[in-house]
Amino acid sequence: MSAIGIDLGTTNSCVACVEGGNPEVIVNAEGERTTPSVVAFTKDGERLVGTVAQRQTAMNPARTISSVKRQMGTDWRKDIDGKSYSPQEISAMILRKLRRDAERFQGQDVKDAVITVPAYFNDMQRNATKDAGTIAGLNVLRIINEPTAAALAYGLDHGDPQMVMVYDLGGGTFDVSIIEIGDGVIEVLSTAGNNHLGGDDFDERLAKHLIDAFQRTSGIDIAHDAMARERILEAAEAAKRELSSAESTVVSLPYLAQGPAGPVHLEQTVTRAEFDRLTHDLVDSTTDAVNQALNDAGIAASELGAVLLVGGSTRIPAVQEHVQRLTGKRPSSSINPDECVAQGAAIQAATLAGARSGCTDLMPRGGELLLLDVIPISFAIETVGGVATRVIERNTTLPVHYEQIFTTAAPFQTKVEINVMQGERPMAADNKTIGKFTLKGIKRAPAGTPQINVSFDIDANGILTVRAQDLGTGNEQSITITDSERMTDSEIQDAIRDAERYEEEDNARRASMEERNDAERLVAEAQEKLKAHGKEMEKDDKRRLKASVANVQRYLAKRPEKMKDAERANFSNAITELKSLL
Ligand code: AMP
């Protein structure tokens, strides 16, 4: 059973699920990728949802409900045939249809869902949305913010930390949010907008223009003819969509009205320039909200990492140009503005549903809690001198494969111990060992010669397999570590806190350890050289090299934590000198 993501919109809704690792929009029973958020009750008591409900609006306005999202969390009621319906119940009818469409698409029952709401929705509105889901028979895993979902769809959950603007202009609402992304958390910093601005207003402007033009040419005023008006509005909406890609379009409505000489038709060409002129103040009116959102978030437009467009009306070229002018940034065109919110919700739903079946459960601090399949804490292996060498950084997204070649530290070493750890500290002793194994049978060779390939694989369920292979002999050894052996949430939090607290101290210790390792390697190299080529070397060179080795060894014999600053400096000089002689 696959979890779904639902964008329960004011004008249109959309449902998606993750299939084969990708968020897929579910095509509804009518063959459309979005479903109008319209519910109607026919005279004979049938309930209609979606396009069929929308189509009969003009004939049945009193029993047709659209934009019920605006009423969520209020005591609004709709009385139909003696029954009083709450906004939750009407929304549940839309959700139930989306659920059925998803079931048909998946060929199985669907229960788990993530539903999105505008970032500005308060607790009551969010609870009402959740209740609507429950009434529709859904198990609502989480309610998430629409801009957050858009960011998830855009794939911003595993990039660098950044500030992003989500500019969402739908059918009846406009909102702009500034969100901060980083560390597996997406946080809405500010939101502003206008609850009564959207594509419908653009339709109205164009419809009025057509009605006026019709009156000028035919002398007939159809402003008060409900049926003709509805036809004009529909045609205006279609023309508006066409003008998003074409420079001009023809609106053609045969038999629009009855004149003294018989039926009168409307045929009118509209250019994009004309449309832009009719609607430019609507586009301009989004400026204040953009500035306010930036102000409230305390950032300048230049600090934005990306601008995402959401909502069907952002397909209007003049809107896109306006956003670019305001932010100085080209809006991202890689996501579909009508579908990305549902897709992001589907990604979150899949992750949440997956988490219950054993995925890594990341609960970051603050912000909107997102559950991403990421590694909450770094993986490392212990290398010479007790240093923890990071192999996979914290917050890397699953699944992940990593490999690195290591070598031996001592001459003729025939085995190595692989100590697998989790933690953020640079020294092995300060991290938690989660597994250990020994790779034996390494071919005898001088230090630094064998090549040992160590690979880490963490699958989507968080199961880690570490393999070590001696490339010289092909000998291989591995272990598998499951989630339960890994660190618990509180251990993780402690580790992160410790890492911050001890950062400076740790770095100094690591630098000192690395220096010692360097020194040991140089000493071994010098001894090799003396053994192999000692006879051919100039007497003076040989003496200098031997003295330098002895000098370095003298410092190596001391305990690093007991060394004074001056001694440390002399040790560094001794190493530099030895290096110069090799
Ligand atoms: P939404 O609420 O996001 O589904 O947005 C719906 C609004 O987007 C409606 O007003 C549509 O007319 C409008 N819309 C959809 N496609 C386009 C398009 N290609 N060009 C302009 N507006 C569009």
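In what follows, residues are counted from 1 in the order of the sequence shown. Counting starts at 1 for both ligands and their atoms, following the listed order. Quick caveat: nothing in here was measured; it's all calculated off a predicted structure.
For Arg77, the CZ atom is densely surrounded, since the number of other residues' heavy atoms within 6.0 Å is greater than 12. The local environment of CG in Asp75 is sparse, with at most 12 non-hydrogen atoms from other residues, nucleotides or ligands closer than 6.0 Å.
Under a 4.0 angstrom heavy-atom cut-off, Ser313 registers as being in contact with ligand 1.
The shortest N/O to N/O separation between Lys240 and ligand 1 falls below 3.5 Å. Checked by distance only, ligand 1 and Ser244 come closer than 3.5 Å through their nitrogen or oxygen atoms.
The side chain to side chain donor-acceptor pair (under 3.5 Å) analysis of residues 210-228, with sequence neighbours excluded, yields the pairs Lys208-Asp212.
Atoms of ligand 1 lying under 4.0 Å from at least one heavy atom of Thr11, given by number and element, are 2 (O). Within the listing of ligand 1, atoms 1 (P), 2 (O), 5 (O), 6 (C), 7 (C), 9 (C), 10 (O) sit less than 4.0 angstrom from a heavy atom of Gly171. Heavy-atom proximity to Glu237, at under 4.0 Å, picks out these atoms of ligand 1: 11 (C), 12 (O). Those atoms of ligand 1 that come under 4.0 Å of a heavy atom in Ile316, given as number and element, are 21 (C). Each of the atoms 3 (O) of ligand 1 lies under 4.0 Å from some heavy atom of Gly311.
Residue Asp276 forms a side chain to side chain contact (heavy atoms under 4.5 Å, CB included) with just one option from His280, Glu274, Arg272, and that option is Arg272.
By the side-chain hydrogen bond (donor to acceptor under 3.5 Å, both in side chains) test, Glu339 pairs with Arg33, Asn336, sequence neighbours left out.
Ring geometry for Phe202 against Phe275 counts as tilted: the plane angle lies between 30° and 60°, on a 0 to 90° scale.
Scanning the protein for heavy atoms near atom 3 (O) of ligand 1, the closest one is Gly312 N, 3.0 Å. For atom 4 (O) of ligand 1, the nearest protein heavy atom (residue, atom name, distance) is Asn12 ND2, 2.9 Å. Of all protein heavy atoms, the one lying nearest to atom 19 (N) of ligand 1 is Arg315 CD, 3.2 Å. If you check which protein heavy atom lies closest to atom 16 (N) of ligand 1, you get Arg241 NH1, 3.5 Å.
Here the OG-CE distance, from Ser37 to Met93, works out to 14.0 Å after rounding to the nearest 0.5 Å.
Thr286 is listed as a side-chain neighbour of Leu197, based on a closest heavy-atom distance under 4.5 Å.
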